[in-house]
*Asks:* 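Below is a structure I'd like to ask you about.
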Amino acid sequence: MNGPSTGRGPLGPAAEALLIPVGALVAAMLLFGLFIAMLGQDPLAVYGLIWQGGFASAFSWQNTLSRAAPLILTALCVAIPAQAGLMVIGSEGALALGGLAAAVTGHLLGEASPAGVKLAMAGAGMLAGGLWILLAGALRQYRGVNETISSLLLTYIAAALFNHLVEGPLRDPASLNKPSTDPIGTANMIGSIPGMDVHWGLIFGVAACVLAYLLVRHTTWGFALRVVGGNARAARLAGLPVGALVLGACFFGGAASGLAGMVEVAAVHGSANASLMAGYGYAGILVAFIARQNPLAIVPVAVLLGGISASGGMLQRRLDLPDATVLVLQGMAFLLILASETLYGRMRLFRGAEAGA
Amino acid sequence: MASKRSYTRRDALRVISGASALSLIPGWAWAQTKLTVGVIYVGPRDDYGYNQAQAQAAAALKKLPGIKVVEQEKVPETTDVQKTMASMIEQDGATLLFPTSFGYFDPHMLKMAEKYPKVRFAHCGGMWTEGKHPKNTGSYFGYIDECQYLNGIVAAHVSKSKKIGFIAAKPIPQVLRNCNAFLMGARSVDPKITCQLIVTGDWSLPVKEAEAVNSMVDQGVDVITCHVDSPKVVVETAEKRGIYSCGYHANQAALAPKGYLTGAEWNWLTVYQQHVKDALSGAPFKNFVRGGLKEGFVKMSAYGKAVPDAAKKKADATKAAMLKGDYVIFKGPLKDNTGKEVIAAGAALKQTDPVLEQMNYLVEGVVGKV
Amino acid sequence: MTDLGWWGVPLGVLGGALRVSTPFLFVSLGECITEKSGRINLGLEGIMVMGAMAGYAVSLASGNPWLGVLAAGFAGLALGLLHGLICNLARVNDIAVGIGLMLFGTGFAFFLGKPYIQPKAPNLPAFSLGGWSELPQVQAALQVSPLLLIGIALAFALAWALCNTRWGLVLRMVGDSSDAARAMGYNVNLVRTLATAAGGLLAGVGGSFLSLYYPGSWTEGLSSGQGLMAVALVIFARWNPVYCFYAALMFGGAGSLGPALQSVGITSGYYLYNAAPYVLTLAIMLATCSPTRTLAGAPGELSIVR
């Protein structure tokens, strides 16, 4: 790409970070519309229903946000280790084990003061999730085992452990046809955000993203982490504690996923059961990549994904389209947004060629 | 399949501008719709199994005048189903909901019922309890173990190895009750029969289910039934290995023309129609609905070619007694497969007894562990 | 039928290995080709599901299951090509595209596959290697699919070709050092795209085995992560196609361990048995990896080994 050699474009990098993905999204919507039209449905009707189902009213916004909430936290499980150059895809397992730890803690503490129990549950969930991902980080740091593969394997292992415990030793005999752990009790539930039908996971998620952003971009620790991510050998030569940084990043990431598990238990299910593994972890991976591992960008991306999911029901009920329709749209959107990554720094509109390449 | 509604561009634009969801839905004749019913499935609705049985009833409802049915499939048991219920109520105007998966009940449906007290929630499989659960919620279920008992009778007549098999997704009360009834039916013909139980671990694991059939056949099992979401793979694999199968949830006869003996099927239309009638007339919601063969909640598949006359005779006689309502499957003395007495001599648990819905044992003769 | 008792377990695992391993084999060979070129495709799961659906649909429409296999291969080829082309763009992350492709492939297959859940399509034939035995169990265990034999032949052919043919050398060179390949005048992106497309083709064929042979019908729950596991399997097999075959057999056999043990009365802990292949893979990685050197046989350009 040999662009003109001088000067900045009319728009800066911030506009670039916004306009490129939005452009890719629009392209995906057009492609999806074409697909819909080929099937003999009216794309405009479909667009209308997606808007109506996901974003048109207070009701649909709440629907969207409550679907986005768990994804924000599971995406952090990918984005924080990514700062150190690690590609962890094990958020689903960390979420399950975090939820399980929280449920067991909540049940054991049962009658204690609810505020204390809730804190303990959050702590236990974060600890369990954090340690699980830390394991992947340690395997990489000290044994050279690739963290992408090990975290994937650990997810399968976590699921097996989770199912074994929930349907075996930790099962509440009263949970008849849906094997679950003992309930944490209504007093220990954290409920919804006042005035909204969205649970507290949303607030936790947004707060965690802001916190992660500050940590990564505005602290020495975060700077050191990004140096490791840029070039681990250089970081080691510069005397940075690479091992501790990598393990810390993995722990924080896993803790975010573990917190998502705790929220599922304490705000939705009231106990740990197989419904915790609803694919939030895998969706979180995509959210993190679309957000280009930027903690702040995770929030809008998760909301977008939540909105598309929310509108899926509308498409099924009104147009008799299959449930997989939204998967097709999400797949198209993600592939195009990921492909649009290549445009950064290359478009004259945003900056001159000197900044690129 | 619902008739295809036609859309015009103007309709679409109205949707886009859509301020109020209800009044602007294109093509919907609200004046003639007296009742909107929402049905929610946990899996695909044409799965040859659990969800298909529900969807068949929903499809029949659609043909009734003035009834609008909205459906959503593959809805997980998370906040997703809460939002789905709320959307059906707020966006489609549904006033009667059928959330059909066990896991939808607590906490999801109970939470929505509190929020929408005027809407009726009819849940499949749960244990609605007076005083504990809201009045606008209820649960329906069928005594399909009666059909599994009849399956067992037929199975016993054709089994040469005297080993029959049951493939289960998870060892939960509903499943254990079916497995026990299957063997007890078989043992009512030949007390020496044993039943092998294999648990796959989840509701839909086609490869594991096929492996389970294969390993059972290798151990000499020659009649098989199951309790998984979609019995398709089990019945097909049994046919390939040349053994007999009894169906579950829906009719799988088409999948195994040689080996399909008979099957335990749901007949949910009975329940759906009752709830729709009550909702239309404003009659009080029936909170706890249970029924078996007698009430028409469950039915048997037609006998396959391989079923001998003696089996038909015995099964039909037992079925006639069940239809009269005086047949008791679970009566004492009954031991579980560890030798412990679970029903005392002289005791007879009628089908309606809630204790049966908490079954946590396998009866003597079942090879397996809870 | 003779009572096998405990002998049923090894026989069940052997039979299971022969029945269940084929999709693992094809997917891992596909991933092996892709990774040898220096890229990783995490989207084989989606490709496999798409292959399963396309194969079933075409078999139903044409009445010929082999046409179904062909269609599955084409569907896989197309999706693999898509992955390859997107990853050719600068700065696009292959792992992320793979996950996106997984979503797209499964979604697309589920969407188009709705009308094919109910009908019964013709399945692939099986042939028996167990005619020598009197035991029906042994005969049944040794029923094999022609696809398995094709897969085995392919594994050996691939192992030979990687070392002894021109394109095998080019593929490995591109995977080991793109600079060297470029200096030799090869188009690195082209080779990688073709390798990913070939990998997709094999994954699609592997998917058609699921829908057309075992379990032998199209359902949405058909694949339980075999495609995703391919990545681990290839590492397990040290990027050696012949080892891929052994690893696939092992993963297949491990999958039938749970049911086989239950059928002789070992009933507890079936979830843990189901996780056995994952634990084993992790254990082997743990034992053979080292922080100071890369894995033997690993393509030097591969992101996951650097």
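First the proteins, then the strands, lettered A, B, ... as listed; each starts at 1.
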*Asks:* For the interface with chain C, which of B:Lys240, B:Met216, B:Glu209 has the highest count of heavy-atom pairs at distances below 4.5 Å?
*Replies:*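 Heavy-atom pairs under 4.5 Å are most numerous for B:Lys240.
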*Asks:* Is C:Leu261 close to chain B through its backbone or its side chain, or both, or neither, when contacts mean heavy atoms under 4.5 Å?
*Replies:*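 Neither; nothing under 4.5 Å.
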*Asks:* Do you see a donor-acceptor pair shorter than 3.5 Å between the side chains of B:Gln52 and C:Gln118?
*Replies:* yes
*Asks:* Check whether the side chains of C:Tyr116 and B:Asp46 place a donor and an acceptor atom closer than 3.5 Å, and report yes or no.
*Replies:*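 No, B:Asp46 and C:Tyr116 have no side-chain donor paired with an acceptor closer than 3.5 Å.
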*Asks:* On a heavy-atom basis, which atom in B:Glu211 and which in C:Gly16 lie closest, and how many Å separate them?
*Replies:* OE1-CA, 3.4 Å
*Asks:* So which of C:Pro215, C:Gly12, C:Gly221 has the biggest tally of heavy-atom pairs under 4.5 Å with chain B?
*Replies:* C:Pro215
*Asks:* Looking at OG1 of C:Thr219 and CG of B:Asp47, how far apart are the two atoms once the value is rounded to the nearest 0.5 Å?
*Replies:* 9.5 Å
*Asks:* Need one label for B:Lys74: side chain, backbone, both or neither, based on atoms under 4.5 Å from any heavy atom in chain C.
*Replies:* side chain
*Asks:* Taking C-beta and beyond as the side chain, do B:Asp218 and C:Ser263 meet within less than 4.5 Å on heavy atoms?
*Replies:* no
*Asks:* Regarding B:Glu236 and C:Ser217, is there a side-chain donor-to-acceptor distance under 3.5 Å anywhere?
*Replies:* yes
*Asks:* Which atoms of B:Val233 are under 4.5 Å from chain C, going by heavy atoms: the side chain, the backbone, both sets, or neither?
*Replies:*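 Interface part for B:Val233: side chain.
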*Asks:* Quick one: closest heavy-atom pair of B:Gly201 and C:Tyr271, and the distance?
*Replies:*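 Here B:Gly201 and C:Tyr271 meet closest at O-OH, 2.6 Å.
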*Asks:* Flag the one option from B:Val367, B:Leu255, B:Val207 with the top tally of heavy-atom pairs under 4.5 Å to chain C.
*Replies:*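 Between B:Val367, B:Leu255, B:Val207, the count favours B:Val207.
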*Asks:* What part of C:Gln226 gets within 4.5 angstrom of chain B, counting heavy atoms only: side chain, backbone, both, or neither?
*Replies:*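 For C:Gln226, the side chain is the part near chain B, not the backbone.
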*Asks:* Between the main-chain N or O of B:Val199 and the side-chain N or O of C:Gln262, is there a donor-acceptor pair closer than 3.5 Å?
*Replies:* yes
*Asks:* Between B:Thr200 and C:Asn274, is there a side-chain heavy-atom distance shorter than 4.5 Å?
*Replies:*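 Answer no - side chains too far apart.
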*Asks:* For B:Lys162, is the NZ atom crowded, meaning more than 12 foreign heavy atoms sit under 6.0 Å from it?
*Replies:*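 Counting other residues, nucleotides and ligands, NZ of B:Lys162 exceeds 12 neighbours.
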*Asks:* Identify which part of B:Leu197 has an atom lying under 4.5 Å from any heavy atom of chain C, answering side chain, backbone, both or neither.
*Replies:*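 Just its backbone gets close to chain C.
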*Asks:* Using non-hydrogen atoms and a 4.5 Å limit, figure out which bit of B:Gln252 sits close to chain C: side chain, backbone, both or neither.
*Replies:*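 For B:Gln252, there is no contact with chain C at all, as no heavy atom is under 4.5 Å.
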*Asks:* Check whether B:Lys208 gets within reach of chain C through its side chain, its backbone, both or neither, counting any heavy atom under 4.5 Å.
*Replies:* both
*Asks:* Nearest heavy-atom pair of B:Ala212 and C:Pro259: which atoms, and what distance?
*Replies:*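 For B:Ala212 and C:Pro259, the tightest heavy-atom pair comes out as CA-CB, 3.9 Å.
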*Asks:* Counting C-beta onward and ignoring hydrogens, is there a side-chain heavy-atom pair between B:Lys232 and C:Lys120 closer than 4.5 Å?
*Replies:* no
*Asks:* How long is the straight-line distance from CD of B:Glu73 back to NZ of C:Lys114, given to the nearest 0.5 Å?
*Replies:*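 One finds 4.0 Å between NZ of C:Lys114 and CD of B:Glu73.
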*Asks:* In the structure I gave you, are the side-chain heavy atoms of B:Asn214 and C:Tyr214 within less than 4.5 Å of one another anywhere?
*Replies:*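 They are in contact (side-chain heavy atoms under 4.5 Å apart), so the answer is yes.
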